[in-house]
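Note sheet for the following structure.
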Amino acid sequence: MKFSKSARLLKTSDYDYVFQAPIKIHQPLATLYARSNNLKHARLGLLVSKRALRHAVARNRVKRLVRESFRLHGAQLKDYDIIFVARAALLNADNASITTGLAQMWEKIR
RNA sequence: AGAGUCGGCCAGACAAUCGCGGUCUUAAGUUUUUUUUAAGACGGAGGAAAGUCCGGGCUCCAUAGGGUAAGGUGCCAGGUAACGCCUGGGGGGCGCGAGCCUACGGAAAGUGCCACAGAAAAUAUACCGCCCCUCAAGAUUUAUCUCGCGGGGUAAGGGUGAAAUGGUGCGGUAAGAGCGCACCGCGCGUGAGGCAACUCACGUGGCAGGGUAAACCCCACCUGGAGCAAGGCCAAAUAAGAUCGGAUCCUGCGACCCGUAGGCGAUCUGGGUAGGCUGCUUGAGGCAGUAGGCGACUACUGUCCCAGAUGAAUGAUUGUCCUCGACAGAACCCGGCUUAACGGCUGACUCGUUUU
RNA sequence: GGCUGGGUGGCAGAGUGGUCAUGCAGCGGCCUGCAAAGCCGCGUACAUCGGUUCGAUUCCGUUCCUAGCCU
């Protein structure tokens, strides 16, 4: 599947919409907030703060991995808006464990 | 072969598949523009992109003016758009050496400070001492010694301290002292070399009179303020009230004054909006050659276009190879500095051992 | 992204070129039948690395951490 701009949360109002009544999923690596939208596909928003991961290289790595995983699994996620909030444990996790952790989280949302 | 010094370059490689953002072309959709989708081509993070410590461009404030204040720089010359940077030279320090380090103006313009210890910490002074003289006492070898009061000389020695008023030696003296002499250091003058910092030589003075200027300060030079969240354009939204001043006033002007421009605004409380476009990458640009210069660098010619995102693009998986991959991610743009860091390649040079 | 400020014991918080107050907390003792209060005593600090200075928490640079402002 493609991952163009229509599959991302772009505006502050989009984020506010999700945070008003979210489904929360907690894991050591990250927290997911999800809420059903009225579109026919899922959308992804990223929230990777400097407080969680200090170095820009680490933040970019996490964002790339999440986007890639969402691209591969997004078709199964129906019409949810999902916000990914990073946590500090991601710093020491390798790529494979992050990918498998994300797959489990997508599974929970469905 | 070993030990070391200085500089330059690189920043895992290749392949396949699936993706991300940019530019261009073509096609589809749209009344048109914008925009969306699809295909193809081209290119897509760094040597530090980092810290924001300096300097500049750019934008707005007036075209960026004058003075004071404040801040910065500080051996000399050059380079540069500019610099607190770089290059070359000088002084000082370190190293056998190649080489490295260096906030390195002024303390006889003035003010301040120098704890404790010490006699004294800056107009000098004299604690223990040393020496001379007067007086008195004692001893005896009767002109010497010892001790004490008083007057004077001295800064050699001791002791304190981070620091004590040139150093060493000889002469000299009652004891001493730049008191005299030699050498060294220092100041001044003249001459020579050098653009200069400075160096050298000669003469002369008899010692200037502690340290601290990353204490105030003096001297020379430099600096107007704010920062792309600057600034410009389009669109949307809301509710007003109070105070002050209205030409000896207010604002631009955010250290102050002058000067200048404009003139109905200024401040506070409350309420509302905060979406898009632009600025946005052709530049003090890269590469090559020639010429000038010890060098930093500059000039000319030719050639190339090399990220431009905006919830923010470089990734994932698999395979092969090796030395098994560090530090780390552009956000207006450049020039430096500083800090982080696994290694590899290469050039020039130094030391020292052996062999020829 | 840009611009400002601050780091002093376990906590709060003064200070300034000459070895850093004070309060709370902690520990020990006195007092008490036991505690509380009170009294006496003790220990523990100038973020880091360099430089200037005889001497630095203070002055000057570097780094690290932390807070705030501009949308």
Side-chain angles (χ1 to χ4, degrees):
Chain A
M1 132 178 205
K2 297 282 183 184
F3 182 62
S4 60
K5 283 195 177 181
S6 61
R8 307 180 192 181
L9 296 178
L10 295 173
K11 298 185 179 179
T12 311
S13 55
D14 296 336
Y15 281 81
D16 288 342
Y17 174 78
V18 175
F19 280 122
Q20 274 168 13
I23 306 163
K24 298 179 193 172
I25 297 176
H26 294 284
Q27 280 219 337
L29 293 178
T31 303
L32 287 193
Y33 294 82
R35 187 181 183 184
S36 141
N37 58 22
N38 292 322
L39 305 171
K40 300 203 166 158
H41 54 83
R43 297 191 297 177
L44 177 69
L46 294 170
L47 221 162
V48 185
S49 67
K50 254 185 193 175
R51 197 173 289 272
L53 298 169
R54 278 195 54 219
H55 293 286
V57 169
R59 288 198 297 275
N60 282 345
R61 179 174 71 103
V62 168
K63 288 193 272 190
R64 284 169 186 150
L65 286 168
V66 175
R67 284 201 200 99
E68 178 71 14
S69 178
F70 180 81
R71 188 176 67 82
L72 296 173
H73 298 88
Q76 318 159 14
L77 293 173
K78 301 177 193 164
D79 59 347
Y80 282 105
D81 279 354
I82 298 169
I83 296 176
F84 174 93
V85 180
R87 307 183 67 177
L90 286 163
L91 185 62
N92 296 317
D94 58 356
N95 288 5
S97 60
I98 292 175
T99 308
T100 55
L102 283 167
Q104 292 169 11
M105 293 165 93
W106 305 138
E107 194 73 20
K108 277 192 181 178
I109 287 177
R110 275 200 293 139

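Heavy atoms only: backbone and side chains are in, while hydrogens, waters and symmetry mates are out. Residue numbers start from 1 in every chain, and the chains themselves are labelled A, B, ... in the order their sequence lines are given, proteins ahead of strands.
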Syn versus anti for [N], judged by chi lying within 90° of 0?
N      : result
B/G283 : anti
B/U281 : syn
B/A247 : syn
B/C306 : syn

Pairing nucleotide - [N], Watson-Crick or G-U, each distance under 3.5 Å:
N      : value
B/G265 : B/C244
B/A27  : B/U37
B/C58  : B/G227
B/U314 : none
B/C130 : B/G153
B/U301 : B/A288
B/C221 : B/G72
B/U146 : B/A137

Which value, in whole Å, describes the distance between the [atom1] atoms of nucleotides [N] and [M]?
N      : M      : atom1 : answer
C/C39  : C/G6   : P     : 38 Å
B/A69  : B/C332 : C1'   : 35 Å
B/U269 : B/A239 : C1'   : 13 Å
B/C114 : B/U154 : C1'   : 29 Å
B/A139 : B/A177 : P     : 39 Å
B/A38  : B/G319 : C1'   : 32 Å
B/C24  : B/G44  : C1'   : 15 Å
B/C75  : B/G91  : C1'   : 8 Å

Quiz item: What pair of heavy atoms forms the shortest contact from A/Ala86 to A/Ala30, and how long is it?
Solution: CA-CB, 4.4 Å
Self-check item: Closest contact, heavy atoms only, A/His73 versus A/Ala103
Solution: NE2-CB, 4.2 Å
Quiz item: Can you tell me how far CD1 of A/Ile23 sits from OH of A/Tyr33, rounded to the nearest 0.5 angstrom?
Solution: 13.0 Å
Exercise. Quick one: pull up CZ in A/Arg59 and CZ in A/Arg64 and give me the separation to the nearest 0.5 Å.
Key: 12.0 Å
Quiz item: To the nearest Å, how far apart are A/Lys63 NZ and B/G315 P?
Solution: 14 Å
Self-check item: Nearest-Å distance for atom pair NE2/P, residues A/His73 and B/C18
Solution: 18 Å
Quiz prompt | Residues forming a side-chain hydrogen bond (donor to acceptor under 3.5 Å, both in side chains) with A/Arg43, sequence neighbours excluded | solution = A/Asp81
Quiz item: Sequence neighbours excluded, which residues qualify as side-chain hydrogen bond (donor to acceptor under 3.5 Å, both in side chains) partners of A/Ser97?
Solution: A/Asp94
Quiz item: Of A/Ala56 and A/Thr99, whose nearest nucleotide on RNA chain B comes first from the 5' end?
Solution: A/Thr99
Practice problem: List for me each residue that meets ring-ring contact (aromatic ring centres under 6.0 Å, His included) alongside A/Tyr80, sequence neighbours excluded, and say none if there are none. | Solution: none
Exercise. Give one of base, sugar-phosphate or nothing for A/Leu65, where a contact means two heavy atoms less than 4.0 Å apart.
Key: sugar-phosphate
Exercise. Check every strand shown and say whether A/Arg61 touches a base, only sugar-phosphate, or nothing at a heavy-atom separation below 4.0 Å.
Key: nothing
Given side chains that start at C-beta, do those of [X] and [Y] come closer than 4.5 Å, heavy atoms only?
X       : Y        : value
A/Val66 : A/Leu102 : yes
A/Phe84 : A/Leu32  : yes
A/Ile82 : A/Trp106 : yes

Exercise. Anything below 3.5 Å on both distances counts as a pair; with that, list the stems of at least three consecutive Watson-Crick or G-U pairs involving RNA chain C.
Key: C:1-7 with C:64-70, C:10-12 with C:22-24, C:26-30 with C:38-42, C:49-51 with C:59-61
Practice problem: Summarise how protein sits on nucleotides 45-50 of chain B as a single string, 5' to 3': B when a protein heavy atom is under 4.0 Å from the base, S for sugar-phosphate-only contact, - for no contact. | Solution: B-----
Exercise. Give a yes/no answer on whether the side chain of A/Arg59 brings an N or O atom under 4.0 Å of OP1 or OP2 in B/A328.
Key: no
What does the list of N/O pairs under 3.5 Å between the protein and nucleotides 11-16 of chain B look like, with a distance for each?
none

Quiz item: Where the side chain of A/Thr100 meets the backbone of A/Ala96, is there a donor-acceptor pair that is under 3.5 Å apart?
Solution: yes
Quiz prompt | Closest nucleotide among B/A316, B/G311, B/A330 to the A/Glu68 side chain | solution = B/A316
Practice problem: For A/Arg61, enumerate each residue passing the side chain to side chain contact (heavy atoms under 4.5 Å, CB included) test, keeping only those at least two apart in sequence or located in another chain. | Solution: A/Leu65, A/Asn95, A/Ile98
Quiz item: Can you pull the salt bridge (Lys or Arg N to Asp or Glu O under 4.0 Å) pairs that have at least one residue in residues 98-109 of chain A, sequence neighbours excluded?
Solution: A/Glu107-A/Arg110
